[in-house]
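All values below come from the heavy atoms of this structure, side chains included, with hydrogens, waters and symmetry mates left out. Quantities reported herein were computed from a predicted structural model and do not represent experimental measurements.
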Amino acid sequence: MSSTNETARNNNKQPLLNYHHGFGNHFESEAYEGALPIGRNNPRIVPHGLYAEQLSGTAFTAPRNENRRTWLYRMRPSASGTSSAFRPCGSSGSSGSNSSGSDDSDNGSASSLLPETFGRADWFRDMRLDPNPMRWGATPLHSSKGSDGDDSGVGINFVEGIHTLMGSGDPMCKSGIGIYVYACNTNMSSSGEKESSSGEKEEDVNEAKRDMHMFNSDGDFLIVPQQMGLWIQTELGLMTVMPGEICVIPRGVVFTVNLIHNDTEEEEECHLACGNNNFARGYILEIFRGHFQLPELGPIGSNGLANARDFLHPTAYYESSEDKTKTTDRDDRRRLHYTIVNKFGQKLFERTSPHTPYDVVAWHGNYLPYKYDLRRFCAINSVTYDHPDPSIYTVLTARGGDEEGTALADFVIFPPRVMATDENTFRPPWFHRNVMTEFMGLIHGEYDAKKGKKSDGDATDASGGGFVPGGASLHPIMTPHGPDAESYFANVENSCDGPVKFEGGLAFMFESSAMCRVSRYALECEHREVDYASCWDGLVGSFPRPHT
């Protein structure tokens, strides 16, 4: 079992973080010495008065090499406090009584502030089939009501700031995917509150309005920060995830997202956040079936692409609410209640818990959240001729496509890399029609097949056009796409007389075998570039022309 240290770079003076290295490995971790049982999973008497609880990520009978589960040793079982029943979010306070008949109206809950549906889109009523190519400018910060505009003075946390762009299938049948964007400027938990130099809490938009914690019953989240880092607390431990890194939160794991502000010179140099730094922004891919895996390497051999050793898993970390039980202050007494949000069938439900969900003192297993630094990716490329298929840049894959050899979803990146092809190779991606759905995002810089903004306006202004950091594009199944006219002709004129290292940006792709429906938000938002397809209008016929 190996681990590494990482200094948490945020305003909150959080502890030094440790990580376990490896992908799919079985780890064990304890934050209190002697908390892990020896030689058995669920003894009659658990050390230190803890409770044993198993978290299963696959069926009991799944093949052993695919079986995922983790044993948790916690202060209270998750079932404790569930007499406060889940109720739909977005409802009035009239439904706030729990199953024991008591009233939850003073428990710190805030159902009126969360939408009824995850991502503010009804999975059936608000989704449309549309075969056209689409492109969006950088996702702006939206108000809690979902309107566009400058909402820098409004507190919007991670869950409130998610918008559905597209998806397929049905999470209730464990089939399909969801693709989302997020933009938020406040913490989900008060544990992320900043302190002033005098030691008093600052009253600003970045403070949490309430403690909110979430788990996803529908699938696994793959989160791609684009602007501002995330401080993520989970039942299994803590992670920091900066732009240029990704993380995966498996189905059922409770987590909280707070923000890391890039205030130090080190962060400005080391992390790839760009644009307006007063809010966090990024992308989310959700798979409703299975879990992410490393792609097979085939003829590449035993090394390359994303190496297993570079995936980092948190170590055990716990907190206790016991020290708050003696307070007489009403605001502090309200903090004894923790809002637990459950994404269930693409709907949001919430309940209150009398204890923190982060009381796991020790654990062992292989069903865990993890993070990965995209700078660690070992890119493979052609050294003779032609531009290879983008599948050569696959970081993670999820099996379950429509036929053998296809994926339900792939996460692909286009990292800095040397292009060493011959003098007659067209280096950007070629024109294409694909049996897969292609969704692309840009973390920083430019993508070599698309130019940036046509104007000097704000990146969120779709009138400027271009593929910009924080923006996105969609090429549905069998929809023609490829380099825009400007990029095409510039690269046709490129003599390619020597190797070139591309260092101009970091783009990624969510690729899926599923045909996706597009949300009403994606179709109607102000930052959609409605004339995107005009970027190919300059590609006119020139046949016949003498061959040179």
Side-chain angles (χ1 to χ4, degrees), residues 1-8 10 12 14-43 45-58 64 67-78 80 189 191 213-215 220-221 223 230-241 245-258 291-292 294 307-322 355-373:
M1 179 176 66
S2 62
S3 65
T4 187
N5 292 333
E6 177 185 272
T7 303
N10 61 13
N12 310 318
Q14 298 282 10
L16 189 73
L17 301 188
N18 294 312
Y19 294 95
H20 297 295
H21 291 247
F23 189 91
N25 295 19
H26 190 290
F27 296 109
E28 63 178 35
S29 183
E30 59 181 13
Y32 191 90
E33 187 175 359
L36 272 174
I38 303 300
R40 61 183 67 211
N41 296 323
N42 56 329
I45 300 176
V46 182
H48 300 294
L50 299 172
Y51 292 86
E53 176 180 295
Q54 183 174 202
L55 176 62
S56 294
T58 56
R64 188 161 189 169
N67 209 296
R68 297 289 180 267
R69 64 92 172 92
T70 292
W71 278 97
L72 314 175
Y73 302 96
R74 57 195 317 155
M75 298 178 188
R76 297 178 182 86
S78 298
S80 173
S189 168
S191 63
H213 317 284
M214 177 184 180
F215 68 94
D220 290 8
F221 281 146
I223 301 173
L230 305 179
W231 172 270
I232 301 180
Q233 183 169 8
T234 76
E235 294 177 275
L236 287 305
L238 306 168
M239 300 187 295
T240 59
V241 188
E245 298 178 322
I246 62 167
C247 73
V248 171
I249 309 293
R251 183 195 306 259
V253 173
V254 180
F255 69 96
T256 300
V257 176
N258 290 337
H291 304 290
F292 289 103
L294 294 178
N307 292 308
R309 64 176 299 203
D310 294 324
F311 288 82
L312 304 181
H313 305 263
T315 56
Y317 176 87
Y318 70 92
E319 63 182 29
S320 173
S321 53
E322 295 298 330
H355 61 87
T356 173
Y358 306 122
D359 61 358
V360 178
V361 181
W363 55 260
H364 73 84
N366 60 359
Y367 190 57
L368 308 165
Y370 54 87
K371 59 177 278 188
Y372 176 74
D373 188 337

Among Arg76, Met214, His213, find the one that has a side chain to side chain contact (heavy atoms under 4.5 Å, CB included) with Pro357.
His213
So do Pro314 and Pro369 actually touch side chain to side chain, heavy atoms under 4.5 Å?
yes
Taking only residues two or more places apart in sequence or in another chain, which ones pass side chain to side chain donor-acceptor pair (under 3.5 Å) with Arg251?
none
List the steps, then state whether ring-ring contact (aromatic ring centres under 6.0 Å, His included) holds for Tyr367 with His291.
CA-CA 10 Å; Tyr367 190 57; His291 304 290; 5.3 Å; yes
Any side-chain to backbone donor/acceptor pair from Glu319 onto Tyr358? Under 3.5 Å, distance only.
no
Hey, are the side chains of Val257 and Phe255 touching, using non-hydrogen atoms and a 4.5 Å cut-off?
yes
Closest heavy-atom pair and its distance - Tyr318, Val360:
CB-O, 3.3 Å
The side chain to side chain donor-acceptor pair (under 3.5 Å) partners of Glu53 (sequence neighbours excluded) come to Arg74, Ser78
Any side-chain heavy-atom pair from Tyr73 and Val361 closer than 4.5 angstrom?
no
Could you check whether any side-chain heavy atom of Thr70 comes within less than 4.5 Å of a side-chain heavy atom of Val253, counting everything from C-beta outward?
no
I'd like to check Trp231 versus Leu17 (side-chain heavy atoms, cut-off strictly below 4.5 Å). Are they in contact?
yes
Please round to the nearest 0.5 Å and tell me the distance separating atom OG1 of Thr315 and atom CG of Leu236.
10.0 Å
State, with a plain yes or no, whether a side-chain heavy atom of Glu28 is found less than 4.5 Å away from one of Leu36.
yes
Is there a side-chain contact (heavy atoms from CB on, under 4.5 Å) between Ile246 and Lys371? Walk through the geometry before answering.
CA-CA 6 Å; Ile246 62 167; Lys371 59 177 278 188; over 6 Å; no
Indicate yes or no: at least one non-hydrogen side-chain atom of Leu72 is less than 4.5 angstrom from one of Trp363.
yes
Positive for side chain to side chain contact (heavy atoms under 4.5 Å, CB included) with Leu230, one of Ile223, Thr240, Asn258
Ile223
Tell me whether Ser29 contacts the main-chain N or O of Ala316 through its side chain, where contact means a donor paired with an acceptor under 3.5 Å.
yes
Please report the closest heavy-atom contact between Ala52 and Asn41, naming both atoms and the distance.
CB-O, 4.0 Å
Looking only at heavy atoms, what is the nearest atom pair of Cys247 and Val241, with distance?
CB-CG2, 3.7 Å
Main-chain N/O of His364 paired to His26 side chain as donor or acceptor, under 3.5 Å:
no
Is any side-chain heavy atom of Phe215 closer than 4.5 Å to a side-chain heavy atom of Glu235?
no
Is it true that Tyr51 and Ser80 share a donor-acceptor pair across their side chains at a distance under 3.5 Å?
no
Report the relative orientation of the aromatic rings in Phe27 and His20; use parallel for angles under 30°, tilted for 30 to 60°, perpendicular for over 60°.
parallel
Should the ring pair Phe311 and Tyr372 be called parallel, tilted or perpendicular, given that the plane angle runs from 0 to 90° and is split at 30 and 60?
parallel
